[in-house]
Amino acid sequence: MDKNKKRELIVKRIAKELKDGDIVNLGIGMPTMVANYVNEGKEIIFQSENGFVGLGPRPEKGQEDSDLTNAGGQPVTIIPGGAFFDSATSFAIIRGGHVDVTVLGALQVDEKGNLANWMIPGKLVPGMGGAMDLTVGAKKVIIAMEHTSKKGDPKILKKCTLPLTAKEEVDLIVTEMGVIEVTDKGLVLKEINPAFTVEEVQKKTEAELIIPDDLKEMVVD
Amino acid sequence: MDKNKKRELIVKRIAKELKDGDIVNLGIGMPTMVANYVNEGKEIIFQSENGFVGLGPRPEKGQEDSDLTNAGGQPVTIIPGGAFFDSATSFAIIRGGHVDVTVLGALQVDEKGNLANWMIPGKLVPGMGGAMDLTVGAKKVIIAMEHTSKKGDPKILKKCTLPLTAKEEVDLIVTEMGVIEVTDKGLVLKEINPAFTVEEVQKKTEAELIIPDDLKEMVVD
Amino acid sequence: MDKIVSLEKALEKIKDGMTIMIGGFLGVGTPEKLIDGMIEKGVKDLTIIANDTAFPEVGVGKLVVNKMVKHVQTSHIGTNPETGRQMNAGETEVELIPQGTLAERIRCGGAGLGGFLTPTGIGTIVEEGKRKIKIRDKEYLLELPLKADVALIKAHKADKKGNLVYRKSARNFNPIMAMAADLVIAEAQEIVEVGEIDPDEVMTPGIFVDMIVRGDK
Amino acid sequence: MDKIVSLEKALEKIKDGMTIMIGGFLGVGTPEKLIDGMIEKGVKDLTIIANDTAFPEVGVGKLVVNKMVKHVQTSHIGTNPETGRQMNAGETEVELIPQGTLAERIRCGGAGLGGFLTPTGIGTIVEEGKRKIKIRDKEYLLELPLKADVALIKAHKADKKGNLVYRKSARNFNPIMAMAADLVIAEAQEIVEVGEIDPDEVMTPGIFVDMIVRGDK
């Protein structure tokens, strides 16, 4: 699978996870793409941590408004019924549990649901932005990432080695290989991409996967 | 002096204390009257803890707006350039030191600047409302009260006996007998109503008054 | 998902023993229709969180007079003698909280914070039972968040998604309470179509509002 | 008391070594005219409090590129490689703060609170050097208020008393910073007469604003 196909699969699968009426915050990068695949029948309200709910699609060329961007600085729109607020209110919303789902990228996730996605010491220190608050505050934390690093190393570990973004907050990990739930007992492979075998997925995963009897196929439209 | 004359003297003297540009919160009752005596040349902005700045005079009869009252529930107006906000913001303003002066009534004040004005145990427990926040938060706390109780007992004490509203926060006490400043050394009689002698004022005051060499007359227009 | 419901439907959600936040300041900004509905329905043993208990015939005061309140967390009861009488008679538990602390505790509940440090109440009986924390040589009280089962909100205008606009000093506690309860019911004097309220003018985003009841103009 | 001043007059107040809060999110809602004025004036050793350091040619980023910043308290520097370079070279001290914590610390400073408890950062390096407090079996970090000498604010509209209205996502950190600094300078794209902004639509009351500079439309 090429990179784009992988990403499309991941974000399409995550889009299925969103329920009608959910308030959702999408991280920068791949997570942002989830918005493109929400089923027409569902009304999802997207929150943008720079200060609004009702994040809409990118405007047509020439229609950009320099006072209206997403948290990545890209021009966006606001849907009718949206609302603007200041940053303290934005994070009151996020930290206060008023966001149902956040979708974030990851450098590493581990079997306890620990997440590392904001720095590589001595190499890359962009800062955590709103990720720590989102991870702690959102009711459900979904990780959207490719199953392994560019070098092919596992990113789903027994224990994260990079500085954490948050402790034991991840609920679900979606990669091109499958859908993994973080439970008290460990990581459960709920769905598998039929292009892979269970053994192949386990081989690319450092943490031990629990394989349930009702393991399903990872299906997207 | 009859009660009304006393009160008029007190609030007129306090009005002189307010400086051009001051943000002022007036307590319920006598303090509210201060607004009527502000010198025309001064621009004072009144804050109302129920959620606005720019508190204006009572509307004309028939012009009352049921959505616009002061913190005592009386119909008021808002001046051009005023602004409404919620209660958390209102008290962020008060507690945050953005109010220059608050004028409050008192049951008791003492030589340390302690104030009691919110309850008489077993008798009257209206609640503190915003008084505790105002006393702690305003840059300057001025007490407007008659010098003695209805029975003629001193209200300016060595030590308050009623439950406190705030500890060591009072800056100035204005009564019909004079103007008293709370200092590290004790209570200083800065001005005296020429209708009384220093001995008479001290007799009606439990705490010891420091009489400065430059004791002035309490003058109002 | 139509949020506009009948008064009856909204009242179904309000049950005996619940903790209910009610917006308003001496009755200004209080949803009177919801209050009257609660009285008619006859719920009891309520814990009420409100700035004050208004007047015997106004707002929260009516709930007190009708003996529906077991416990009240408020900053002021002086305008409603019945609250004081019930308190002295041991019929209703009254917890007096400085107004700024009350507002901040509600905001804190909605904002997912564990508490905050305030100088208000230091050296007074408000200290009792609370932790004191010193920061840079200044003492503060550690105050904890407040949350509720239901918040009853009075709005001037609502759109059909629940975006709210308040009017003048009727705003007061409404916006913060709308963020601090599991279920938020707004009584709106006017209901407009989605898109009619400018997103810059929304005071409470619709994501907080579960039900909208049409109020009296 | 006319609050409208020239850019020069406003810049007189900004001195070497000051702590300055600057509104904006990746440059959106940042007062660029004030920033450019600071660069021209050439102040240095600043401590900047801002959500991010934007881009090398935008907003706060320009101050970094011009080496005017000694210390920055921010949530994100990833969009401005020069900030990272100066950090790694030990030229600029960078203190990374979770965005929600940063916003709340600024609000806390303006609101006269001594601190607040947040779950954000528990179990991460953000914990380092901070007190942990347990409330009802849950751990929180005690975070302290932030204040500044000057706040530089970008408003869409100001009246002559300094009442401000922001536009769309350019609001962000501006309203809370306007409450947390000793001196508040607002750069407004439009200045209107007193009374032209409805008191219900004011986002920052004029009592917080000391100076207004006319910005570019």
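Worth knowing before you read on, the calculation uses all heavy atoms, side chains too, and leaves out hydrogens, waters and symmetry mates.
Both the backbone and the side chain of C:Phe173 come within contact range of chain B, judged by heavy atoms closer than 4.5 Å. Using a 4.5 Å cut-off between heavy atoms, C:Arg167 touches chain B through backbone and side chain atoms alike. Heavy-atom distances place both the backbone and the side chain of C:Leu96 under 4.5 Å from chain B. Proximity to chain C (any heavy atom under 4.5 Å) is shown, for B:Ala88, by both the backbone and the side chain. For chain C, no part of B:Ile94 is nearby; none of its heavy atoms comes within less than 4.5 Å. Looking at B:Ala71, the atoms closer than 4.5 Å to chain C (heavy atoms on both sides) sit in the backbone and in the side chain alike. Looking at C:Gln189, only its side chain comes within 4.5 Å of chain B, counting heavy atoms on both sides. With a threshold of 4.5 angstrom between heavy atoms, C:Asn172 approaches chain B through its backbone and through its side chain. Only the side chain of B:Asp65 has a heavy atom closer than 4.5 Å to any heavy atom of chain C. Of the two parts of C:Met203, neither the backbone nor the side chain holds a non-hydrogen atom closer than 4.5 Å to a non-hydrogen atom of chain B.
Between chain B and the options C:Thr120, C:Thr83, C:Asn80, heavy-atom pairs under 4.5 Å are most frequent for C:Thr120. When each of C:Pro175, C:Pro119, C:Gly123 is scored by its heavy-atom pairs under 4.5 Å with chain B, the top score falls to C:Pro119.
Within 6.0 Å of CD in B:Glu168 there are more than 12 heavy atoms belonging to other residues, nucleotides or ligands.
Interface residues of residues 124-137 of chain C toward chain B, defined by a heavy-atom distance below 4.5 Å and sorted by number: C:Thr124, C:Ile125, C:Val126. Residue-level contacts of residues 65-79 of chain C with chain B, in order of numbering, are C:Ser75, C:His76, C:Ile77, C:Gly78; threshold 4.5 Å between heavy atoms. Applying a 4.5 Å heavy-atom cutoff, the residues of residues 98-105 of chain C that approach chain B are C:Pro98, C:Gln99, C:Gly100, C:Thr101, C:Ala103, C:Glu104. Contact residues of residues 134-160 of chain B toward chain C are B:Val136 (heavy-atom distance under 4.5 Å).
Judged purely by distance below 3.5 Å, without hydrogens or angles, the side chains of B:Gln47 and B:Ser90 pair a donor atom with an acceptor atom.
Without hydrogens or angle criteria, C:Lys3 side chain to C:Lys161 main chain gives a donor-acceptor distance under 3.5 Å. Without hydrogens or angle criteria, B:Glu64 side chain to B:Pro75 main chain gives no donor-acceptor distance under 3.5 Å. Without hydrogens or angle criteria, B:Thr102 side chain to B:Asn25 main chain gives a donor-acceptor distance under 3.5 Å. Distance alone, capped at 3.5 Å, places no donor-acceptor pair between the C:Ser169 side chain and the B:Asn50 backbone.
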